[in-house]
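Quantities reported herein were computed from a predicted structural model and do not represent experimental measurements.
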Amino acid sequence: MLLRLPTLSLLAPHLSLSSISPSPFPTFSLPSIQIHPKPFLHIPKSTPSQIVKPTSLHTQIEENGVESEIDVDFDEEVEEEEFSPRGRFAEEEKDYDRDPEFAEIIGSCLDDPQKARSKMEERLRRKRNKILHTKTGSSTPMKVIFNKFDFSNSYIWFEFYNTPLEKDISLICDTIRSWHIIGCLGGCNSLNMQLSQSPMDKRPTYDAIQGANVTPSTFYNIGDLEIQDNLARVWVDIGTNEPLLLDVLVNALTQISSDYVGIKQVMFGGSEFVDWRENLKTEDAGFSVHNI
């Protein structure tokens with residue numbers, strides 16, 4: 001039979017274990033330690049659409065609440081490096097105002113003009129290729145022919161030494177277009193040439209009343225420039241018999257033939273010219289039309 005004994009706290013509540021059975025070792029108390037349970041952090045798996053992209057420096061600074069002075073300075077520094085004269089986009093520039101050779105020539109101009117002149121001539125000889133450009137035209141003078149030319153209804157024919165390039169065609173079209181505009185405005189009126197007919201040893205004078213009362217010159221109509229290989233033509237309707245208008249065109253074409261594209265001959269009037277074929281109208285055969 002088991003007997004249940006009363007606990008010590010019931011028999012002697014005022015007694016402690018140390019008073020009942022003293023220990024030879026000194027007593028001590030443990031400090032109180034609070035243990036907090038670590039919360040469980042659940043990190044869900046991110047989908048490809050939820051992957052966080054790296055943020056820029058500017059975005060990180062704004063999120064952290066830091067002043068944007070650092071970001072502004074950084075942008076200005078990058079912009080200065082890229083677009084300043086020291087940057088990779090800057091082109092090398094040459095200071096033509098600080099040419100020591102030219103400065104020496106100018107400096108000696110007052111003291112010794114003959115020496116300065118000889119130095120300048122030597123400079124021009126050495127840099128001749130950079131100053132003077134080689135002519136691409138023909139040294140042979142352009143031939144001009146008239147074949148029953150009618151100021152009211154005629155063709156002007158051109159024969160080039162070679163098939164003209166695109167830049168040559170553009171130059172010819174611009175010249176003819178300018179000639180037509182000057183003619184339409186009455187700029188080539190041989191009846192009013194007061195300045196060219198006045199003596200050059202006196203001060204030129206102009207009579208406005210006389211200039212306003214002369215018969216005006218005209219240029220009624222002009223067609224497009226047609227090209228077949230090295231041949232070309234343009235139809236004109238000048239209206240009035242104005243030879244000065246033809247002189248202006250011939251002078252311009254002469255200079256073009258000498259300096260830019262060689263023109264073998266120009267013929268005013270006529271219905272046939274060299275190997276021109278009326279039935280040739282395809283680009284594959286070398287035919288083209290250019291607006292004036």
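Formation of a donor-acceptor pair under 3.5 Å by the Asn189 side chain with backbone atoms of Thr215 is found in this model. With hydrogens and angles disregarded, no donor-acceptor distance shorter than 3.5 Å links the side chain of Glu242 to the backbone of Thr218. Checked by atom type and distance alone, the side chain of Ser257 never pairs as donor or acceptor with a backbone atom of Leu253 at under 3.5 Å. Judged by distance alone, the side chain of Ser198 and the main-chain N or O of Leu195 form a donor-acceptor pair under 3.5 Å. A donor-acceptor distance shorter than 3.5 angstrom exists from the side chain of Thr136 to the backbone of Asp259, with no hydrogens or angles considered. With hydrogens and angles ignored, the 3.5 Å screen pairs a side-chain donor or acceptor of Trp179 with a backbone N or O of Leu245. Panel note: side chain Asp207, backbone Ile209; a donor-acceptor pair is recorded below 3.5 Å. Of the possible donor and acceptor atoms, none in the side chain of Trp235 sits under 3.5 Å from a partner among the backbone N and O of Asn221. With hydrogens and angles disregarded, no donor-acceptor distance shorter than 3.5 Å links the side chain of Ser154 to the backbone of Gly269.
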Worksheet entry | Residue pair Met193, Leu244: steps toward the side chain to side chain contact (heavy atoms under 4.5 Å, CB included) verdict | CA-CA 10 Å; Met193 302 180 64; Leu244 178 60; 4.0 Å; yes
Item to complete: Determine, step by step, whether Met267 and Ile156 satisfy the side chain to side chain contact (heavy atoms under 4.5 Å, CB included) criterion, reporting the C-alpha distance in whole Å, the side-chain angles of both residues, the deciding distance to 0.1 Å, and the verdict.
Response: CA-CA 6 Å; Met267 186 175 76; Ile156 301 177; over 6 Å; no
Practice prompt. Just do the side-chain hydrogen bond (donor to acceptor under 3.5 Å, both in side chains) check on Gln114 and Asp112 with the steps written out, would you?
Written response: CA-CA 6 Å; Gln114 187 63 30; Asp112 192 349; over 6 Å; no
Worksheet item: What's the verdict on side-chain hydrogen bond (donor to acceptor under 3.5 Å, both in side chains) for Asp150 and Tyr155, showing C-alpha distance, side-chain angles and the deciding distance?
Response: CA-CA 9 Å; Asp150 183 4; Tyr155 279 105; over 6 Å; no
Worksheet item: Going through the checks in order, is the side chain to side chain contact (heavy atoms under 4.5 Å, CB included) test met by Ile172 and Leu225?
Response: CA-CA 9 Å; Ile172 297 295; Leu225 180 67; 4.0 Å; yes
Item to complete: Could you check Ile263 against Lys143 for side chain to side chain contact (heavy atoms under 4.5 Å, CB included), going step by step and ending with a plain yes or no?
Response: CA-CA 8 Å; Ile263 303 175; Lys143 188 177 181 180; over 6 Å; no
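Of all heavy-atom pairs spanning Ser138 and Tyr161, the tightest one is OG-CE1, 3.5 Å. Between Gly239 and Ser152, the shortest heavy-atom distance links the atoms O-OG, 3.7 Å. When every heavy atom of Pro243 is checked against every heavy atom of Asn241, the shortest pair comes out as CD-O, 3.5 Å. Taking each heavy atom of Met142 and Thr254 in turn, the nearest pair found is CE-OG1, 3.4 Å. Heavy atoms only, all atoms of each residue included: Phe219 and Cys184 are closest at O-SG, 3.2 Å.
From Asp168, atom CG reaches atom CG of Leu165 across 4.5 Å, with rounding to the nearest 0.5 Å. To the nearest 0.5 Å, atom CG of residue Asn147 and atom CD of residue Glu272 are 9.5 Å apart. The CZ atom of Phe151 lies 8.0 Å from the OG1 atom of Thr240; values are rounded to the nearest 0.5 Å. Summarising the geometry, atom CG belonging to Asn230 is positioned 8.0 Å from atom CG belonging to Asn162; distances are rounded to the nearest 0.5 Å. Atoms CZ and CD, on Arg117 and Glu121 in that order, are 5.5 Å from each other to the nearest 0.5 Å. Note: His180 NE2 to Leu249 CG = 12.5 Å, rounded to the nearest 0.5 Å.
Contact check for Leu171 versus Asp174: no side-chain heavy atoms found under the 4.5 Å cut-off. Residues Asp237 and Ile222 fail the side-chain proximity criterion, which asks for heavy atoms closer than 4.5 Å. Two residues are said to be in side-chain contact when any heavy atoms from C-beta on lie closer than 4.5 Å; Lys167 and Val261 fail this criterion. With a 4.5 Å cut-off on side-chain heavy atoms, Asn192 and Tyr206 count as touching. Side-chain contact check for Ile227 versus Ile169: some heavy-atom pair is nearer than 4.5 Å. Inter-residue side-chain proximity for Gln265 and Trp157 is flagged as unmet; no heavy-atom pair is nearer than 4.5 Å.
The number of heavy atoms from other shown groups lying within 6.0 Å of CD (Glu122) is above 12. The neighbour count for Arg177 CZ, taken as heavy atoms of other residues, nucleotides or ligands under 6.0 Å away, is above 12. For Asp275, the CG atom counts as loosely surrounded, since its 6.0 Å shell holds 12 or fewer non-hydrogen atoms of other residues, nucleotides or ligands. In Tyr260, the OH atom is not crowded: 12 or fewer heavy atoms of neighbouring residues, nucleotides or ligands sit closer than 6.0 Å. No more than 12 heavy-atom neighbours from other residues, nucleotides or ligands sit within 6.0 angstrom of NZ on Lys264.
When hydrophobic clusters are built by joining Ile, Leu, Val, Met, Phe, Trp and Tyr residues whose side-chain heavy atoms come closer than 4.5 Å, directly or via intermediates, Ile145 is not grouped with Phe149. A continuous path of ILVMFWY side-chain contacts below 4.5 Å connects Ile176 to Val248, so both sit in one hydrophobic cluster. Hydrophobic clustering, with ILVMFWY side chains joined whenever heavy atoms are under 4.5 angstrom apart, groups Val250 together with Val236. In the hydrophobic clustering of this structure, Val144 groups with Leu246; members are Ile, Leu, Val, Met, Phe, Trp, Tyr whose side-chain heavy atoms approach within less than 4.5 Å, directly or through other members. Grouping the Ile, Leu, Val, Met, Phe, Trp and Tyr side chains by contacts below 4.5 angstrom, directly or via other members, places Leu231 apart from Val266.
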Just distance, no hydrogens or angles: give the donor-acceptor pairs under 3.5 Å from side chains in residues 280-292, sequence neighbours left out.
from: Ser288; atom 1: OG; to: His290; atom 2: NE2; distance (Å): 3.0

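The existence of a salt bridge linking Glu278 and Arg233 is confirmed by a sub-4.0 Å separation between a basic side-chain nitrogen and an acidic carboxylate oxygen.
The aromatic rings of Phe160 and Phe158 sit parallel, their planes meeting at an angle under 30°, below the 60° perpendicular limit.
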